[in-house]
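Residue numbers start from 1 in every chain, and the chains themselves are labelled A, B, ... in the order their sequence lines are given, proteins ahead of strands. All heavy atoms count here, side chains included; hydrogens, waters and symmetry mates do not.
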Amino acid sequence: MDLQQTPVHAVRFSGTVNAFFRIWIVNLTLSILTLGIYSAWAKVRTNRYFYSNTDIDGHCFRYLAQPLQILIGRLIAATLFIGYVVIANIVPAAMPVFLLIFFFVAPWLINQSVRFGLRMTSYRNIRFNFSGTYLPALLYFGVLPIVAVVTLGLAYPWVLKKMDEYIHANISYASQVLTPRLRTSEYYWTIIVVVAAVVFISLIYFAISLLVMPSLAAHSSAEASVNASTVFFMLISLSWYLILFATVRAVYRARIRNHLFNTSGFSDIARFRSSLPIAGYAFLLATNALAIIATLGLAYPWAKIRQARFLAYFTSVYLASHLASLVDEYGQSESALAEEAAGFFDVEVGIG
Amino acid sequence: MREVAGAYYAPCAAEARQAKLIFDDGALRLIDQQGQLLARHPFSDCQFEDSLTGVKAEVTLPDGSFFQAQDTAFDWPKGLARGRSVTWLESHLLTVILAVILAPLLLFLAYWYLIPVTAATLVKITPVAAIKYLDEQSLTLLEATVLEPTKLTEQQQANIKQQFASLLRAADIDDRGYQLLLYQSDYFGANAVALAGGTLIITDGLVQVLEPDPDAMSAVMLHEVGHVQQQHAIRAISRSAAATVFLTFVFQDIEAGGELLIGSSGTLFDLAYSRDMERQADAFAVRHLQRLGLPSTALRQALQTVAPSAADDSNPWLEYLATHPTIEARGRAANK
């Protein structure tokens, strides 16, 4: 697809803090009142709000999941979790068996939830699809992490790349497969930058602590100084944790997301562009986290809307001009009808 | 006859067509800009999407096409779509403010009342054998890590065990559920620990420190027995599991800061429970000390002997991070 000739469409997000805050707080209260049962409906409403307010070329996304599907999945997951807790606390000897079973069940669960999320997403009345199967998932999510551990983490970036590649290479839309062309070097560089950032920030904090603490102790009486340094130390640790967390996440997600988007496309239909600035994203994540903590959680809707706007702003799509005919062609095929029909296995097993 | 303007998407449509949806009697009719009929279906065949504030109303037709209203303020007439009551709650400022007040209140209530009650009920249906097994596991772990064989003499060990046995008998407590074990431990120092199923561990250090005051040792033993009688350990585990499941259900995906908040507030509650359990064990000990005619100051004596250097004017805020109430607070309570 010749990108020069195709129109560029920015991703637009039109959600507002006012509207979403209302949705969020009311749904949260209802979820607590119903001891979590309503949370399935809350999730559908939240996703519908975000999907419907995201549009490309004047068409918005749709979230098609039904609350009951999500509720069933959550109940199954909750049962599994309770089983895990019981075994962990009462019969620890059975834990290795449980973990082994989980090792073989996890790839199926991962495939299921990715497939569910994609099939419940539709654009221009065509659902996305996922064609990942069990054995590759077992390899990439089960075996490769072991390889990473065995190589003392050296293979870790490569494992991450293989995981992303597996997921994205199996995503399809209108019978077009997403073809990601990921480079392992990108992952290695990203991890190196992350480690460097962690070391750098930690050194700064260490230096601050060393400089400030003794002077705190010198300037006040014995008792007060113990309290002052304890409080100071707690604040320092908390902010260190927050800033570190935000930076690591920002560096990794920005670099990898940019890389993923920029090298992926549905061959004849679309190409993607992502230009997330790392510093800007780190600032966003850190301030979001601080705001949520400072407001005891009330700033969560603001943080989420803010992040959605930020991500949309730096994302754009090149759509083929002959999209209409391609997509219409697809719509007539039999496979399309089969895919559009939601199946029994459209279940998402998970609590989150 | 009502009508609403919007867009019509055929199945797998690349473009949306401007259309008008007209409400006939019990059915809907879709016409395009030229007035041509696009579709006509009875209401019962169509799926009207739940109403949602700020999102355009949608209806999905049996053939997989759908219509999306243009005006976000438009909502399907009563009876066609669900979710109207939630939308009503979301769009009125009063109910939103009510929700802001209720949410933390309900969470607090859930944490303070619902979850402990659930945990206590779960504990009642836990088989005793399971709790004993838990003890065995914990003991094995402790023996492998921080407990060493006791260095007390045979006579000392016998005395302590005798004291414990007669204490239980005098307090009318079934001694079959208990076993007293003595160990040397650098990690624990002078301390006593009660495991969930009735295994009491007393360190050499504690025996030696409390040698001049056998009543103080009785007080400590009673305190630990209190923990077991009231099933504190197993209730704590149960509570923590119930809380996690509840929280994960209610809060779906929380941003980083939120996880920290949930985690730390959970910890603050756990510590509050911990202090509460210590107070309950203290109260148990004092009650039985009085019943047995032993001085109720024995508990305070024990606490002070074990931690003579504890600062009395520690930061009140730090108390929220403590697993036990302050020594002075416990002493005051014990003297009542």
Next on the checklist: Show, in sequence, the C-alpha distance, side-chain angles and deciding distance for A:Arg124 and A:Asp57, and conclude whether the salt bridge (Lys or Arg N to Asp or Glu O under 4.0 Å) test is met.
Outcome noted: CA-CA 10 Å; A:Arg124 280 175 142 120; A:Asp57 192 24; 3.1 Å; yes
Checklist entry - Is the number of heavy atoms from other residues, nucleotides or ligands under 6.0 Å of B:Arg82 CZ greater than 12? => result no
Next on the checklist: At a heavy-atom distance under 4.5 Å, which candidate from B:Thr87, B:Ile234, B:Thr95 has the highest pair count against chain A?
Outcome noted: B:Thr87
Checklist entry - Side chain, backbone, both or neither: which part of B:Val86 has a heavy atom under 4.5 Å from chain A? => result both
Next on the checklist: If you count heavy-atom pairs within less than 4.5 Å of chain A, which of B:Val55, B:Leu134, B:Ile131 leads?
Outcome noted: B:Val55
Checklist entry - Do we get A:Arg62 above B:Tyr9's six-membered ring, with its NZ or CZ under 6.0 Å from the centre and within 45° of the axis? => result no
Checklist entry - Between B:Ser65 and B:Asp63, does any side-chain donor sit less than 3.5 Å from a side-chain acceptor? => result yes
Item to check | Part of B:Leu122 lying under 4.5 Å from any heavy atom of chain A | outcome: neither
Checklist entry - With only heavy atoms counted, which part of B:Thr72 is less than 4.5 Å from chain A, the side chain, the backbone, both or neither? => result neither
Item to check | Working for side-chain hydrogen bond (donor to acceptor under 3.5 Å, both in side chains), residues A:Arg45 and B:Thr53 | outcome: CA-CA 9 Å; A:Arg45 285 179 85 80; B:Thr53 330; 4.8 Å; no
Next on the checklist: Taking side chain as everything from C-beta outward and backbone as N, CA, C, O, which of these in B:Ser51 sits under 4.5 Å from a heavy atom of chain A? Side chain, backbone, both or neither.
Outcome noted: backbone
Item to check | Among B:Leu102, B:Val96, B:Thr60, residue most engaged with chain A (heavy-atom pairs, under 4.5 Å) | outcome: B:Val96
Checklist entry - Is it the side chain or the backbone of A:Phe20 that comes within 4.5 Å of chain B heavy atoms, both, or neither? => result neither
Item to check | More than 12 heavy atoms of other groups within 6.0 Å of B:Arg235 CZ | outcome: yes
Next on the checklist: Can you tell me which portion of B:Glu136 sits under 4.5 Å from chain A's heavy atoms? Options are side chain, backbone, both or neither.
Outcome noted: neither
Next on the checklist: Is there a side-chain contact between A:Thr247 and A:Ile243 in this structure, where contact means two heavy atoms from C-beta onward sitting under 4.5 Å apart?
Outcome noted: yes
